[in-house]
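Everything below concerns the one structure shown next.
Here is how names work: the chains are called A, B, and so on, in the same order as the sequence lines, proteins then strands, and each is numbered from 1.
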Amino acid sequence: MRTMMQKLREDVRLKEGLNACMGCGICTAVCPAAEYFEYDPRSIVVTVQSGNEEKIRKLIESDTIWMCGQCMSCKPRCPRNNCPGLIISVLRRVSQETGAFVKSRLGRQQYLILKTIGTNILETGYCVYPASVVPETHPEQGDVWKWIYDNKEAVYERVGANLDKEGPGAMRKIGRENLDELERVFAESGGQTLFTSIVEYSRAYAKESGFVDANGQPDMEKYTDFLLNEDNDEK
Amino acid sequence: MIDKKHIAIIGGGIAGQEAASVLTGLGYKVTILEKNERMGGMLNKWSKLFPDFSSSQLVLDAVKVATDKNLNVICNADIFSVQKENGRFKLSDNSSLDVYADAVIMSTGYNLFDATLKEEYGYGVFENVITSADFEKVHKSGEKLTTADGKAPRRVAFIHCVGSRDAKTGNTYCSKVCCITGVKQAIEVTQMWPECEVFNFYMDLRLYGSKYDALYLEAQKHHKIQFIRGRLSEVSERQGKELQLKAEDTLQGRPLRMKTDIVVLLIGMEACKQNEDLCRDNALELDENRFFKSKNIYNHRNSSTQSGVFLAGSCICPMSVNESLESARSAAMLVDKSLKVQER
Ligand code: SF4
Ligand code: SF4
Ligand code: SF4
């Protein structure tokens with residue numbers, strides 16, 4: 001079996017992201033996520049640098065790696081030319097591939113993100129697709145968003161966008177040909193494999209946790225509800 | 001015949017002068033070529049020395065070369081070419097000055113890191129961000145360190161490793177003397193303002209001298225200076241020109257925000273830019289840090305890669321005052337040895 005370290009090293013982003021860390025803490029000092037969470041990119045880098053299998057396994061099973069906003073502010077400041085953000089990208093990939101993500105609350109949300117943003121990209125060509133940001137499931141967007149949502153045809157037209165229509169312009173409809181190409185990009189780049197992995201591991205976890213239908217199969221609607229509420233419980 | 005041999009020394013700082021004293025003492029003819037108007041080099045900018053707070057003037061006075069019939073001092077001589085011609089060296093500056101010598105000592109010293117290049121620290125933008133060299137200037141004037149609008153600082157933060165150990169500035173080496181300089185200056189701040197809180201943000205405290213750790217102990221014990229292990233990420237200015245620092249207290253593992261009145265950047269030592277010129281017409285080479293490369297760093301530290309050209313002081317690597325002087329003396333002895341070998 002490949003070790004965690006081998007799995008991490010297979011990703012070129014690790015080579016790019018980790019030269020050698022002197023533990024100075026500049027990345028943590030500049031990191032916006034560290035301001036809000038119990039989160040410390042320096043210690044993540046130090047853990048990966050240590051090569052300690054047990055600690056790395058714990059890391060990819062933890063909430064920690066999902067707190068990074070991937071803003072890459074840490075890159076231009078590091079005195080050793082490391083990039084903690086990239087190291088975290090690699091940890092995330094390994095967590096998605098090995099199913100370690102289901103062991104943490106923030107990790108489990110991969111399933112929700114896949115169902116929203118992942119589906120949006122492949123089906124519409126947009127990460128954030130206005131029609132899918134339903135006010136009921138996105139109360140954080142507030143009343144203004146609800147109003148825009150209810151009047152989206154008029155609002156988007158007013159600001160010069162071409163929502164869901166043929167032809168050029170912002171938010172235009174993305175043609176089948178381009179969507180097929182996107183799909184091929186996902187297949188080639190391994191994105192599709194990660195999607196499959198996230199879905200498979202989430203289904204297994206749902207079943208294990210008792211979210212099953214009458215036939216004993218994973219009930220992903222119930223599981224989705226659980227994930228949404230798990231998030232709320234925490235708040 | 002020793003008294004017929006002529007040695008040119010490029011750089012009239014403490015290393016150049018110390019080497020000149022040894023060589024004239026041995027009977028050689030020596031010419032010191034100093035690019036500035038006055039001798040003494042960088043030490044002119046320093047007030048007190050670590051680790052015992054001696055005045056730098058003491059050293060400057062001690063190395064001042066006695067007027068000697070064998071010594072010639074030329075100031076404002078910015079040598080840019082050293083060429084071998086018929087077994088001797090020809091040194092030229094960009095006026096019409098040409099000096100011929102049998103051996104050459106490079107004692108070009110160092111430059112201070114230009115702190116404006118570390119933009120996120122705000123030097124040259126925020127008035128209350130100063131460098132260790134600025135601090136020496138204040139100390140030397142006999143004044144007390146104050147904020148830009150003349151107030152007593154309530155809090156001062158010293159920042160270690162500015163322009164050293166930092167791939168982003170192109171200087172990955174340690175400048176070696178700035179840690180102990182930071183400890184010394186921190187104590188000097190508390191001597192000026194006993195009520196002032198002083199913090200040193202360090203990554204490693206590199207206090208390599210046998211008496212340096214005692215100063216660190218004194219700083220903590222008697223002056224209540226706080227040492228925080230974390231490197232500064234950025235400085236911003238708040239209302240009233242107060243500064244805000246962002247770092248991580250890496251021993252606590254938490255981001256740290258601190259308000260302070262003055263920030264002192266402990267800037268590192270860099271090789272002189274003109275070293276590149278001085279290498280052009282001969283076999284001299286620079287090392288990976290742009291200082292002069294020694295023939296070998298163990299038993300030929302004072303020999304350059306060009307035979308007949310020797311190295312003294314902090315043009316080899318960052319050095320303290322003591323080390324510079326020792327280095328200069330060994331360079332001088334090496335010149336003597338090599339010229340005597342030539343004699344035979
Ligand atoms: S900034 Fe770079 S060297 Fe410093 S702790 Fe972060 S990764 Fe390590
Ligand atoms: S990329 Fe991640 S670790 Fe780096 S500064 Fe942004 S949030 Fe922090
Ligand atoms: S001596 Fe200290 S402050 Fe200077 S570069 Fe080395 S570690 Fe940094």
Side-chain angles (χ1 to χ4, degrees), chain A residues 13-50 52 55-56 58-59 62-65 67-88 91, chain B residues 113 115 117-122 157 159-175 178-179 199-206 227-236 243-260 263 265-268 289:
Chain A
R13 290 173 296 181
L14 192 78
K15 203 169 172 187
E16 167 88 18
L18 181 59
N19 289 304
C21 169
M22 53 165 74
C24 70
I26 282 190
C27 49
T28 301
V30 80
C31 174
E35 298 227 11
Y36 296 101
F37 304 114
E38 280 291 322
Y39 174 70
D40 183 355
R42 174 187 52 83
S43 71
I44 295 176
V45 177
V46 170
T47 302
V48 173
Q49 179 166 266
S50 77
N52 183 311
K55 284 186 185 159
I56 294 172
K58 281 212 177 94
L59 196 56
S62 72
D63 279 333
T64 314
I65 55 169
M67 291 173 180
C68 166
Q70 293 281 291
C71 68
M72 303 295 163
S73 308
C74 43
K75 182 176 167 65
R77 291 280 167 82
C78 172
R80 280 280 184 79
N81 286 341
N82 302 320
C83 178
L86 279 183
I87 299 171
I88 290 152
L91 289 165
Chain B
F113 173 71
L117 296 176
K118 198 83 192 139
E119 285 177 344
E120 60 267 38
Y121 291 175
I159 312 301
H160 289 233
C161 302
V162 179
S164 306
R165 306 178 71 194
D166 182 358
K168 290 286 157 34
T169 63
N171 297 339
T172 48
Y173 57 88
C174 164
S175 291
C178 16
C179 270
F199 294 85
N200 281 47
F201 287 84
Y202 72 96
M203 192 165 45
D204 300 286
L205 279 177
R206 297 193 162 164
F227 288 83
I228 298 177
R229 192 193 176 281
R231 204 161 174 176
L232 183 67
S233 167
E234 63 187 45
V235 180
S236 49
L243 300 167
Q244 157 130 328
L245 309 186
K246 265 190 179 184
E248 185 197 0
D249 185 338
T250 61
L251 297 181
Q252 305 284 338
R254 289 308 304 151
L256 178 149
R257 303 286 173 266
M258 182 186 279
K259 283 186 254 165
T260 166
V263 166
L265 306 176
L266 296 165
I267 46 179
N289 300 328

May I have the list of side-chain donor-acceptor pairs in residues 25-32 of chain A shorter than 3.5 Å, sequence neighbours left out?
{"residue": "T28(A)", "atom": "OG1", "partner": "D40(A)", "partner atom": "OD1", "Å": "2.5"}
{"residue": "T28(A)", "atom": "OG1", "partner": "R42(A)", "partner atom": "N", "Å": "3.2"}
{"residue": "T28(A)", "atom": "OG1", "partner": "E248(B)", "partner atom": "OE1", "Å": "3.3"}

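- Taking the side chain as every heavy atom from C-beta outward, R80(A) and R165(B) never approach each other to under 4.5 Å.
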Exercise for review: Please test K246(B) against E35(A) for side chain to side chain contact (heavy atoms under 4.5 Å, CB included), starting from the C-alpha separation and ending with a verdict.
Suggested key: CA-CA 11 Å; K246(B) 265 190 179 184; E35(A) 298 227 11; 3.8 Å; yes
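- Contact annotation for residues 167-174 of chain B against chain A (heavy-atom separation below 4.5 Å, listed by residue number): A167(B), K168(B).
- For R229(B), there are no salt bridge (Lys or Arg N to Asp or Glu O under 4.0 Å) partners at least two apart in sequence or on another chain.
- Only the backbone of L232(B) comes within contact range of chain A, with heavy atoms under 4.5 Å apart.
- Residues satisfying the ring-ring contact (aromatic ring centres under 6.0 Å, His included) test with Y39(A), not counting sequence neighbours, are none.
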